Every structure is written in structure tokens, then in C-alpha cells.
Protein chains: 2
Amino acid sequence: MEDIARIANVSKPTVSRALSGSPLVSDEKREQIAKIAREHGYAVNRNAQKLRQSRTNTIAVMLDFGSHRHGAIGDPFIFELLAGVSEALSVRDVDLLLSPSGLETAGDYVDFYRSRNADGFIIIGQGHRERMLRDLSRRDVPMVVWGAVMAKSPYCAVGSDNFLGGRLAGQRFLQKGCQNWLFVGNTSHDEIRLRYDGLMEAATQGSDVAVELLNIDVMAFTETHDRALEYLDAKKRPDAVFAFSDTAAMAIISAFRQRGLVAPDNYALVGYNNIPPSEHYNPAISTIEQNTHSAGAILVEKLMQMIEGGKPKSAMLPTRLIQRETC
Amino acid sequence: MEDIARIANVSKPTVSRALSGSPLVSDEKREQIAKIAREHGYAVNRNAQKLRQSRTNTIAVMLDFGSHRHGAIGDPFIFELLAGVSEALSVRDVDLLLSPSGLETAGDYVDFYRSRNADGFIIIGQGHRERMLRDLSRRDVPMVVWGAVMAKSPYCAVGSDNFLGGRLAGQRFLQKGCQNWLFVGNTSHDEIRLRYDGLMEAATQGSDVAVELLNIDVMAFTETHDRALEYLDAKKRPDAVFAFSDTAAMAIISAFRQRGLVAPDNYALVGYNNIPPSEHYNPAISTIEQNTHSAGAILVEKLMQMIEGGKPKSAMLPTRLIQRETC
DNA sequence: TTGTACGCGTTATCAC
DNA sequence: GTGATAACGCGTACAA
């Protein structure tokens, strides 16, 4: 920058101002300086910038790849969410640091933040780290969580109305007169548990409804498929199934078909997320739709508020039941 | 750091050495300093570090979210790839900057690199930026591309053997005696075009084989489904279809079924990627498998070599045909 | 093994 | 509007 200043016959601060679009510099000079910089292949050192400024204009997005590998990614839903976050950050010209390593305990997160690696965190899915998140929320680090939204939560969470989603599925089962329900999913994830709770509430409103729980440790396609087969082979015959994702619903359909069971003739089925293939699947999958599209933008918006010192409220996105062939 | 040094009764450089694990400091002092740092909530400023050092230990991964949104993501394949890259970088303790904004022209990339935002780029999919990539490769910026691997390519590319993939599908079609083939995919993407070329080569080895091309602009599920319907409604009746992804294959199955056509009775079908649901789909989808798992690690390995000043060769990963019900 | 002095490239502060 | 100067927090010669 020193060199550019010399060549342009101005001072270093002027170059800085010109290149960062300060209104304090004349347009004429700005253009001239920009031109010289371009010709000489000069670009402002972003690290020096970050060192000098209070903001790093970077946020870290934590994605639990571990639990999503090997087909474990429920469906394209997470990807859409990530795309939304990426886009919302782009608009604000903020960098996205993806799942930096070594972040386990709340202390790790605090250190990472104090090291000025990022201005805040977006954490996708509580998973099994609810405890850590509660700790972290007390440590004055800007963060927003995608996942279960619970009233008593000490941190800002954004997620779809999972409880309602579960209830909607249950109410539909009631309409169809189903009595032996099966919930498929890992309820140790709060998000999933809320759906289960919603389903249970609907169940209590019916008469003589029994709900079973098929807990899937690793919520992957193959795992779900195999566990469903085991379940059927134990002579269980549910007349309604609520799966934790559309991909899981596909696994269910496949497993049930292998035992001669077809939806909706032999059982009702509702999935979650409304991914594109669901509509054209055979049979077309009834599902709970959540507004994935705006989720990313909302997450970013809340986090920015928090970084500015605000205290944004948690937000719950609407869900609705989309009826297709399976239910 | 100054403070920590004072409290520990040592000098600033000693603290620096202790915290960065230099062998020049006694274990006793290192431990003592680390303890004090922990107690006082001190963490090394990573930006100052990056400013001072030649490496930033950050690499940028370019993902074309734009062409993957709204279900446009072919299937979970890209996600798996990203997970692999993320993991490989974690092991090396390198940060992953995801699709920074404002990178369009080769010049943008060069500036980004010169600004010391990242030590290099991993670019997922050539897409429509082949021209830019050629430019960029001449500019002395470390980068590796996932996608089509072509002999005359000026940059280091890693990808599966797309040509072979296409040929394998074609050879299978020949075995089954199919004569009216349909290729589904956007051949303006080099990766896809190579598959088409492979298919064509197989076609020339048969007698009386005709190949049609159904170009899908946006390679999304719904788009593929609708274009397939249009195709059938134009009274076309292929007896073999090669789709650019397994998700696309699902879209094809759905569209064909709507017109009363079922695989493998009415047509043979081969997909690509071998995603988990393909095995359990109805009908189970024959597909070309590529070694997604090691891809991420290889990309990172090549890029690191390049950053170290090496000139790594392009690499082609093996593919194989997995025969299931559809073909 | 440890300390001194300096520089990395930028922006904030204050004068003019 | 522009320029001189200091400061951001760290690593690294070099000396001790």
C-alpha cells in the first residue's frame, strides 16, 4: 500500500480510504488510485484489516458432518439450509467459515471467538450438544441455533414448528382412523423429540390409539431401512408411520414393500421436509413442509442482531401437512 | 499477550513460543503460561498470526449453490464430497472458507488470493466457468478442480472417469440389445459431456444404434421430470435411458411411469453416483458408482502439494457399473 | 533457554 | 479532503 501511495503521489491513509470506499476522498482520486492498484496487482491484505478492525466479518457455521456422512444426511434439506445461509451472508459481504475443527466444548467455542476467528456462530442442529449450547449461551458469544425451539431455551433458536408438524401428522392419522402408530426417528435429538411429542398429543385426542417408537441411532437411509425390516420381522404391523424425513419415508416404503406392505393400502405414511422427489415418488409421499427457503436468511439476520449487541427472540417457522398418496 | 507475559514473569516472545508449541521453551514454563492464559481467558489472535506468517492456513471451497438450489442439487453426492474435503482439511488444521462472494472472473480470484484470504482454491464442478478456470490456471494461484478430467487441461483436475462411466452404461445397453438410447443431462458441463461421449463411443460399437440427447438446462429434479414428460409426449419411445444422476433417474422413472412405461420392461435405465436410496428404490436403480469417499481427501492432498510449490498431476477415480433391476 | 527490537499491512486519531 | 503518526497483536532475527 505504501508503494501504491508513492506512485499515486498521495499518502497511505488516502489509499486506504479510497480502496475501502470512504466518502472522504474525492471521486477523481479514488478512481486514479483504484486504477494504479489494479495495474500493479495490488489487493488489500484482509488479515491486516481484520487485525486492525473490531469486526472480522466472518461467521462460523457448524455442521455435524460426522452424523451426516455415508448417506446419513437425511435429505437435501440441510444442503438447502446451508445454501440459504451462504447467500444471506454473501449479501452482507461476510465470510463463511465451515465447521472449523477442534470445537467440542463451550470453552473451545469461546477461545475460537476470542481468537477473533469469527464474529459469531450459526450452529445447525442441536444434536447431542444441548448441554454445551446451554453453557455457551452464558458465555457472551454471539450464536444462533437451527433446530428445536423450546420456550425455556437460554439461547436464540430458529426452527420449524416441530411440535405442530408432529400433531398435524397425528391428526391426519386420526382422520383415517389409524390406531397403531409408529414413530421413526432418534428422539434424543430435541428436534425429533418435539415431533414425537406432537404426535403423542394428537394420539391422546383419539380413542384407543397406541404409539410405538422406533429409535434410529444413525439417521441414515440404510440404517433406517434395516431397522424397519427388523421391526416388521418382529411381527409388528403398524397402520400409520411418521418418519423423521422424506428420505426416511422412502426407506420405510422400501422395507415395508419387501414384506408385502404398501401405502396407503396397508398403512398410512407421513414424512418430513417435502423434498422434490417426494411429490413424484411411487407412491407420492405425504409430508410435513417447512419453510427451508427463508430459514437461512432468518438465521443470519438474528445472528447479526446479536453481534450488534441485540437480544433477538427465537423464531418458529410455520409447517403444514401436504397430503399425497401415502396418507 | 503482553499482560500474560507480565503475569508469568516472562517476556512476550516466550509466551508466543510457549503457546505455539515451540521446542525452544521449557515444558515447565509452557505449562505455567498455558495455565495463566486459560485462567485469564486469553486466546491468540489468529488474524495477527495470519498477518505475520506467510500461510493463512485457510482454503476457499467454491460451490455453485446457485445451480444447486431448489432441489437442483443432483443428489447427496455433492454434500458427501464437501464432507470429505472438510474432514481432510480438519486433519491438517486448515480452515474452510465456503464460497466467498464476489468471485466471478479470474481476476477476482487472483485478488482474493493476493489479499491473503486463502492459500488456495478447491473448485467443485467446472460448470460454465471452464474459460475462467483456464485463465486462472495461468495466474499462479494454487487451485484444484473437481469435475471433468481432460488430457489437455492446463490445471489440476480430479474427478471420476466420466467417459468410462458413459461407456459402461452403453456397453450394458448393447448387451441388452437396446437400439434407441436417450441421454439425459446438460452436456455444456464438461463432466456430463464426457459421459455422453463415452456413451456415444459404445453406441458406435453396436449396429444400428441411435442416440438422442435430452438437454436439461437446470439439472434439478422437477425440471428433469417435466422435460422427460415433454419428451415422451412428443411420441418418443427410447428403450434405454442414461441419466446424469440417480436423482435424475428417479425423476425419469416417475415421468415414464406416468406414461405407462416401466423399467426394465419397457426401457433400460442407468443412473449415476450410487446414492443409498437407489439400492432400495422401486425398481432398484442400476447406476455408475464413483468413489466419493476418497475424493475429498485427494482434492485436499493435491491442493496442498500445489501450495507447497509442487505441480500435482490430475487424477481420475475409478467407476463401475452396479447392475440392479432397471438395467 | 530467554529477552530486545523491529516489522508485518492496515486503519483510527488527530491535526491541518 | 488530506497527511503524519500511532497502534492493532503477533513472530522472528539477533543478542545474551
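Model, not experiment: these values are computed from the prediction.
- B/Glu2 has no carboxylate O lying under 4.0 Å from a charged side-chain N of B/Arg6, or vice versa, which leaves the two without a salt bridge.
- Contact annotation: side chain of A/Arg52 to base of D/dA7, donor-acceptor pair present below 3.5 Å.
- A/Ala148 and A/Leu194 make their closest contact through CB-CD1, 3.6 Å (heavy atoms, listed as atom of the first residue, atom of the second, distance).
- A/Leu19 has its CG atom 13 Å from the C1' atom of C/dG9, to the nearest Å.
- Once rounded to the nearest 0.5 Å, the distance linking CG of B/Asp64 with CD1 of B/Ile124 reads 11.0 Å.
- Between B/Ala48 and B/Pro23, the residue whose closest nucleotide on DNA chain C is further toward the 5' end is B/Pro23.
- Note: CG (B/Asn47) to C1' (D/dA7) measures 16 Å, nearest angstrom.
- In this structure, the CE atom of B/Met1 is 12 Å from the P atom of D/dT12, given to the nearest Å.
- Heavy atoms from other residues, nucleotides or ligands lying under 6.0 Å from CD of A/Glu308 number more than 12.
- Counting heavy atoms of neighbouring residues, nucleotides and ligands inside a 6.0 Å radius, atom CD of B/Glu31 does not exceed 12 of them.
- Look at CG on A/Leu24: it is 11 Å from P on C/dA12, rounded to the nearest Å.
- The interatomic distance linking A/Asp27 (CG) with D/dT2 (P) rounds to 10 Å, in whole Å.
- Of the side-chain N and O atoms in A/Thr14, one or more sit less than 4.0 angstrom from OP1 or OP2 of D/dG3.
- B/Ser16 has a side-chain polar atom (N or O) that falls below the 4.0 Å cut-off from OP1 or OP2 of D/dG11.
- Comparing B/Val10 and A/Leu51 by the nucleotide of DNA chain C whose heavy atom lies nearest to each, the residue mapping closer to the 5' end is B/Val10.
- Considering only side-chain N and O atoms, B/Gln49 lies nowhere under 4.0 angstrom from the phosphate OP1 or OP2 of D/dG9.
- Taking atom CG of residue A/Asn117 and atom P of nucleotide D/dG9, one finds them 15 Å apart after rounding to whole Å.
- Mapping B/Gln53 and A/Val25 onto DNA chain D via the closest heavy atom, the residue that lands nearer the 5' end is A/Val25.
- A donor and an acceptor atom sit less than 3.5 Å apart, one in the side chain of B/Arg17 and one in the base of C/dG3.
- For the pair B/Ser26 and C/dT2, the criterion of a side-chain N or O lying under 4.0 Å from OP1 or OP2 is met.
- In this structure, B/Tyr42 atom OH and D/dG9 atom P are separated by 9 Å, rounded to whole Å.
- A donor-acceptor contact under 3.5 angstrom links the side-chain atoms of A/Lys12 to the base of C/dT10.
- As rounded to whole Å, 14 Å separates atom C1' of C/dT10 from atom CG of A/Asn57.
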